[in-house]
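Note: hydrogens, waters and symmetry copies are ignored here, and every other heavy atom, side chains too, is used.
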Amino acid sequence: MKVLAVASEIHPLIKTGGLADVVGALPAALKGHDVAVTTVIPGYPAVMAASTAWETVAKLPGFFGGRTAIKRATIGELDLLAVDAPHLFDRPGNPYVDADGRDWLDNPQRYCALSSAAAEICHGLVKTYRPDIVHVHDWQAAMTLAYLNYTDAVRPKSVITVHNLAFQGQYPRSILGSLGLPQRAFALDGVEYYGMIGFLKAGLHFADRITTVSPRYAAEIKTAEAGMGLEGLLAGRADVLSGIVNGIDERVWNPQTDPSLAVNYDAKSLARRGGNRKALEERFGLDHDDSPLFCLVSRLTWQKGIDILAEALPHLVASGARLALLGSGDRELEGIFRQASLQHRGRVGTVFGFDEALSHLMFGGSDMTLVPSRFEPCGLTQLYGLRYGCIPVVARVGGLSDTIVDANDAALTLKAATGVQFQPITPDMLRDAISRAIALYHDKPVWQAMQRRGMGLDQSWDLRAAGYAKLYRELVA
């Protein structure tokens, strides 16, 4: 079966978050299910520089304001089609924002170009290739399904995966003409969304199947509390909505072989994690002692509950624990934690920005990873924590609820606990969760059993890919 995936980023070529990890790992896992994935991505500088063997397989002159080529290459296990449109994608840094952190003004045209090119590929633009399924990811690729809808050509079955409903791609009606869509597309049963053009809304409306990245999140987004204005549409399409939990690439995230660790280890040699702990303490300027070490690897935003953590931080420090924080985002939140690192020298350490290798070391050397999100479609941080014996302390929402078993009395008795959950998502409940985690940390037999249990779980994409393969076959049948 041939699947054309459409996405705005893909690991290891271009990444700003978990979307790239999913899009990059799923093709290899699906091969074992007789599914061949080709991924359409924008021709960013990092993408085009990743291979010297790009082959031009189609040309689109005058496409969204400039000459565009569709180029094909295989990079590692990824079969790629790049939309090489320098006037749209040849820009340095983050793919979505300029150097000042502001969205590129032509983002709607840029990602409609990606979507329109993908629709043309579905119609046979690339000779000898026609997919059975088109699978689009998030708002940046969602308009693929609108372009397919407003043509008379035969189109493949379609799937849209929502990685985070908070990001929807909403733009003024006035730009419709620049997107190459007919005026009739601006309708309730088209791309119209509260008087705007809704990219994600259009994809959700036109898709044959809708998936999101955990079963609980699939249920949550049908409610007013988590539906972000789309709950009515999603509730109306509940019969085609499902959740498949994300996996991780266990070849990349493997404490036995990870080159980013100071010392490699496995579930039978947990004592060796101490070498990573020492390296982490040095990197973050933390005191060298046996006190529990929490880490946080995250975007610093309201969604991620970072303001809640800021309120709970004095309790964490007063309890004798330490915190290593890696992330960037809201300037005010960055300022709060920068001040905390000065006020609590040796107990709180911060690195602002993103460092992939450092994030691996943090999971390999910390005792607990904090994920206090207000909402979380799936989350990968807690899966990395499990894999590395870094116990997750998480809010009971979305995929965090689906992937972590709280260390309550019953779960501990049944030897099923893998982490600590808390709800409601408030500073008081996070303080309580931190206290519970610290108490568990000091009970070494229980703590190490939890570490080994988490490390032994199958978090691989091989398991999750079966769910996507089943969905594809149902559609084709």
Side-chain angles (χ1 to χ4, degrees), residues 2-31 36-61 63-99 103-104 106-122 125-126 129 131 134-144 147 161 163 167 169 199 249 252 354-357 461:
K2 291 184 288 188
V3 173
L4 184 72
V6 190
S8 60
E9 51 187 270
I10 187 168
H11 180 78
L13 306 185
I14 181 77
K15 173 181 174 177
T16 68
L19 167 66
D21 290 321
V22 175
V23 176
L26 196 50
L30 281 166
K31 285 181 181 178
V37 179
T38 298
T39 307
V40 183
I41 51 173
Y44 305 121
V47 170
M48 303 315 297
S51 175
T52 58
W54 289 105
E55 172 195 4
T56 298
V57 293
K59 293 183 178 180
L60 295 166
F63 187 68
F64 283 80
R67 287 188 294 180
T68 300
I70 306 300
K71 297 185 176 180
R72 179 167 52 197
T74 298
I75 301 176
E77 295 186 87
L78 300 173
D79 294 322
L80 303 174
L81 289 169
V83 181
D84 187 20
H87 61 293
L88 298 172
F89 300 121
D90 189 7
R91 302 173 190 182
N94 185 292
Y96 312 120
V97 300
D98 62 21
D103 287 357
W104 293 108
D106 61 347
N107 271 351
Q109 290 79 16
R110 296 172 76 218
Y111 293 105
C112 274
L114 170 69
S115 297
S116 179
E120 293 290 339
I121 293 166
C122 289
L125 177 66
V126 177
Y129 182 78
V134 58
H135 186 166
V136 305
H137 294 267
D138 272 357
W139 73 266
Q140 297 93 335
M143 290 289 274
T144 303
Y147 286 106
T161 294
H163 296 264
F167 301 103
F199 281 37
D249 189 336
V252 175
F354 183 70
D355 185 323
E356 181 83 17
W461 269 109

With sequence neighbours excluded, what pairs up with [X] under the side chain to side chain donor-acceptor pair (under 3.5 Å) test?
| X | value |
| --- | --- |
| His137 | His163 |
| Gln109 | Ser178 |
| Glu77 | Arg251 |

Give every residue pair that meets the salt bridge (charged side-chain N to carboxylate O under 4.0 Å, His left out) criterion with at least one member in residues 79-90, sequence neighbours excluded.
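Applying salt bridge (charged side-chain N to carboxylate O under 4.0 Å, His left out) to every pair that reaches into residues 79-90, excluding sequence neighbours, yields Lys71-Asp84.
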[X]: what forms a side-chain contact (heavy atoms from CB on, under 4.5 Å) with it, not counting sequence neighbours?
| X | value |
| --- | --- |
| Arg91 | Trp104, Asp106, Arg110 |
| Val97 | Asn94, Asp103 |
| Ala357 | Ser260, Asp355 |

Under the salt bridge (charged side-chain N to carboxylate O under 4.0 Å, His left out) test, which residues partner [X], sequence neighbours left out?
| X | answer |
| --- | --- |
| Asp98 | Arg102 |
| Asp138 | none |
| Lys15 | Asp21, Glu356 |

Distance-only criterion, 3.5 Å: show the donor-acceptor pairs between side-chain atoms of residues 52-60 and protein atoms not counting sequence neighbours.
residue, atom, partner, partner atom, Å
Trp54, NE1, Met48, O, 3.1

Can you run down the ring pair (Phe, Tyr, Trp, His ring centres under 6.0 Å) pairs that involve residues 69-94, sequence neighbours left out, and say none if there aren't any?
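Listed by first then second residue: Tyr44-Phe89.
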